[in-house]
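First up is the structure itself, then whatever we jot down about it.
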2 protein chains.
Amino acid sequence: MLHVAEVARVSVATVSALINGTATVSPELSQRIEQAIRDIGYKRNAIARSLKMGTTRTIGLTVPHITNPFFTDVVSVIQQAFDRAGYAVMLCCTDEDLNTQDDQIRLLLDRMVDGLIVARVGDGAILKRIVDDANVPVVLLDRVCEGVDTDTVVLDNQRAVFDAITYLIDLGHRRIGYISGSFDISPMHDRMTGYREALQAAGLPVENELVRFGNFHEVDGYNATMQLLSLHDRPSAIFSANNPMVIGTMKAIRDIGLSCPEDISVACFDDFPWSDVFQPQLTTVAQPVQAIGEQAANLLLDRLAGNRDAPPRKLALKGRLMIRNSCRPLGAIAQSISA
Amino acid sequence: MLHVAEVARVSVATVSALINGTATVSPELSQRIEQAIRDIGYKRNAIARSLKMGTTRTIGLTVPHITNPFFTDVVSVIQQAFDRAGYAVMLCCTDEDLNTQDDQIRLLLDRMVDGLIVARVGDGAILKRIVDDANVPVVLLDRVCEGVDTDTVVLDNQRAVFDAITYLIDLGHRRIGYISGSFDISPMHDRMTGYREALQAAGLPVENELVRFGNFHEVDGYNATMQLLSLHDRPSAIFSANNPMVIGTMKAIRDIGLSCPEDISVACFDDFPWSDVFQPQLTTVAQPVQAIGEQAANLLLDRLAGNRDAPPRKLALKGRLMIRNSCRPLGAIAQSISA
DNA sequence: AGAGGGCGGTGAAACGTTTCGAAAATGATG
DNA sequence: CATCATTTTCGAAACGTTTCACCGCCCTCT
């Protein structure tokens, strides 16, 4: 900029004024400056600008796994939204690990991101502290966090699973296996509650042996399913509370020599692009990923636009049960249908 | 830092020296400074540091679509690699659009990223100019670029498709439909060449009506497949040169009332996590995503470590044909198998 | 005892912007 | 033509670091 100013024979203040339109500069000087900018190929240094302005026009986004199709889609939507608004987004994957998450949030905060969208991992205590003394707006995505009172976008997980399990019950299933992720994130807790309540509402017992826990990965779903299928009285249906784990479920079913839906019905959380192309077409709870991503982006953009003092806004969106052919009717229901 | 210096009754230079370990500071002062840092909750401002140092420890990464599972995986691997090295990564999705790509690369360059990994889109001319006058190392991913002479990691696309088509031919297929993305990116060109050469090597004609072009999206695959299937003499197999398009292919096959592999065989580029769980299990060309991501990261990290003058390095990795059950033997071969 | 060499510490310049108050130029008015 | 108001331009400080040249000080060696 100094160089431009010299070539155009003006002061740097004038160049800055022209570039930012913060003051009127005469046509004559404008032209000289613009010419100089072109000649030199000048590009404004956003780092220096950020230092002075105290804003980077960059936000941080952390998700547990980008390969989980839910997060893939949400990241994609959020990236587009901020791109439109002229923001860059720094992406971090925490790999469901608490320490990694802390490090990454600190990394982002160090770099003076203007805001943060976090699909958090683990206990919220550390996150709360980090967020409190960093003075940037934060929106929590997918997972609420006790004690962190900030904008939030989540799914109504309890209701969504309630509906899915009720659907299975209506099909005649009585023993329904349930594979959960660990309880330290809210959706897993809420989904489990939905499972329990659906059973109770139908007068069915909640049996501990039918509930298994895994760490969100395919292999966990595989192991959990193996355990469920080797029960003395095995379930006739399995619901997996997350998407990567259901792959393990399907592989376990295959490896044990059973088939879906003939021998066992399967449903899971999170839709994916291939779900209605291959057999079996998986019955899933689809999250409104577009809406979730957009709402999260909007909440943050609104804060960034200056609306700092509004009370925290909590959005809970509705999931949608996508009924396909991976769950079959059982018992009396099946007979009345085939009759 | 000024504040810390005051509280610890030392100069800022000493604080800086301690934090960075660039000079020895006496145990006494060290302790006072560390205490002050804790008391105040001081965090070094990475922006000011970047301005002074001329490095941001941030890299830019642009991909056409993060929802394409190939790019999802590669992004994930790259993110992890740079995370380990203490770099942040800014992610941009260009949506296969040239202008978007230009804007985003400029955005990244403005923000003074230390390096760039680009899965480019469209013609390389503008990219070349942008990259030339920005003075940062660039590695090209997945797609080479005429005239831009820089580090590159690609797949040996021609060979990979050659093998896949040859496999179909060996199964007895003679009329093989081919759905390509547009030719302005190198992989599509090379894959097409592989298709042609495989046919020629087998003494088969390359028929124009069997080759269709799309714009990488599911809907393009759908339309192209519809066209292929309504040919007077329709192909017995279809190869899709990209992954999202094959979803369209499968939907078109279903909608037209055919089934795979009984009526038509299907294979495609890019493996995905569900490919061997559902029916049909798709035969795919798997790219070594882990290696591709790591190599790209390593090339860039090496440049960032100071190795600026080494001549451009071009890596071509091998794909792997994952044979599953979406392609069936035909004619004499089928009979000899069933005999 | 004086010279030389490390060591620990500091002041101040520099990175490339934005911005504020003041100065200069211009135009309008009496 | 002097005065005032308005518009345009500018100088310099500031943002929060790093770094370089320099300065005491103490130790060691002749």
Side-chain angles (χ1 to χ4, degrees), chain A residues 1-37 40-58 86 88 106-107 109-114 133-136, chain B residues 1-37 40-58 86 88 106-107 109-114 133-136:
Chain A
M1 188 143 125
L2 182 66
H3 192 187
V4 170
E6 279 168 0
V7 170
R9 304 188 306 283
V10 297
S11 76
V12 289
T14 311
V15 177
S16 177
L18 177 65
I19 290 177
N20 299 306
T22 51
T24 48
V25 359
S26 67
E28 190 188 328
L29 291 201
S30 295
Q31 205 179 348
R32 285 219 308 264
I33 293 171
E34 277 160 4
Q35 185 62 48
I37 287 177
I40 296 176
Y42 165 80
K43 291 267 159 40
R44 179 168 64 189
N45 181 323
I47 296 295
R49 176 162 222 260
S50 293
L51 177 61
K52 184 65 192 172
M53 304 279 278
T55 166
T56 52
R57 289 195 82 77
T58 300
R106 252 185 276 271
L107 178 95
L109 256 19
D110 273 0
R111 281 180 174 62
M112 306 256 98
V113 291
D114 290 345
D133 47 66
N135 201 20
V136 302
Chain B
M1 188 143 126
L2 182 65
H3 192 185
V4 171
E6 280 167 1
V7 170
R9 304 188 307 283
V10 298
S11 76
V12 289
T14 310
V15 178
S16 176
L18 177 65
I19 290 177
N20 298 305
T22 51
T24 46
V25 358
S26 68
E28 189 189 331
L29 292 201
S30 295
Q31 206 179 345
R32 285 219 308 267
I33 295 171
E34 278 160 4
Q35 186 61 48
I37 288 178
I40 296 176
Y42 165 79
K43 289 268 159 38
R44 178 169 64 189
N45 181 322
I47 296 294
R49 176 163 222 260
S50 292
L51 177 60
K52 184 64 190 169
M53 305 279 279
T55 165
T56 52
R57 289 194 82 77
T58 300
R106 254 186 274 268
L107 179 96
L109 257 18
D110 273 1
R111 281 178 175 63
M112 306 256 99
V113 291
D114 290 344
D133 48 67
N135 201 20
V136 302

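First the proteins, then the strands, lettered A, B, ... as listed; each starts at 1.
The residue A:Met53 sits close only to the backbone: its heavy atoms come under 4.0 Å of sugar-phosphate atoms, none of a base. In this structure, B:Ile47 reaches neither bases nor backbone, as no heavy-atom distance under 4.0 Å exists between it and the strands shown.
Using a 4.5 Å heavy-atom cutoff, the side chains of B:Thr58 and B:Arg111 are not in contact.
Side-chain atoms of A:Ser30 come within 3.5 Å of backbone N or O of A:Val25 as a donor-acceptor pair. Distance alone, capped at 3.5 Å, places no donor-acceptor pair between the A:Thr22 side chain and the A:Asn20 backbone.
Residue-environment remark: CD (B:Gln31) stays at or below the threshold of 12 foreign heavy atoms within 6.0 Å.
If you measure from atom CD1 of B:Ile33 to atom C1' of C:dT10, you get 12 Å, rounded to the nearest angstrom.
Within residues 10-28 of chain B, the residues that have a heavy atom under 4.0 Å from DNA chain C are, in order of number, B:Val10, B:Ser11, B:Ala13, B:Thr14, B:Thr24, B:Val25, B:Ser26.
Listed here is the closest heavy atom pair of B:Met1 and B:Ser16: CE-CB, 3.4 Å.
Within the structure, the side chain to side chain donor-acceptor pair (under 3.5 Å) test picks out the following pairs touching residues 2-11 of chain A (sequence neighbours left out): A:Ser11-A:Thr14.
When DNA chain D is scanned 5' to 3' for any atom under 4.0 Å from a heavy atom of chain B, the first and last hits are D:dG16 to D:dT19.
Rounding to the nearest 0.5 angstrom, the gap separating the CE atom in B:Met112 from the CZ atom in A:Arg49 is 14.0 Å. Remark: A:Leu51 CG to B:Asn45 CG distance equals 6.5 Å, nearest 0.5 Å.
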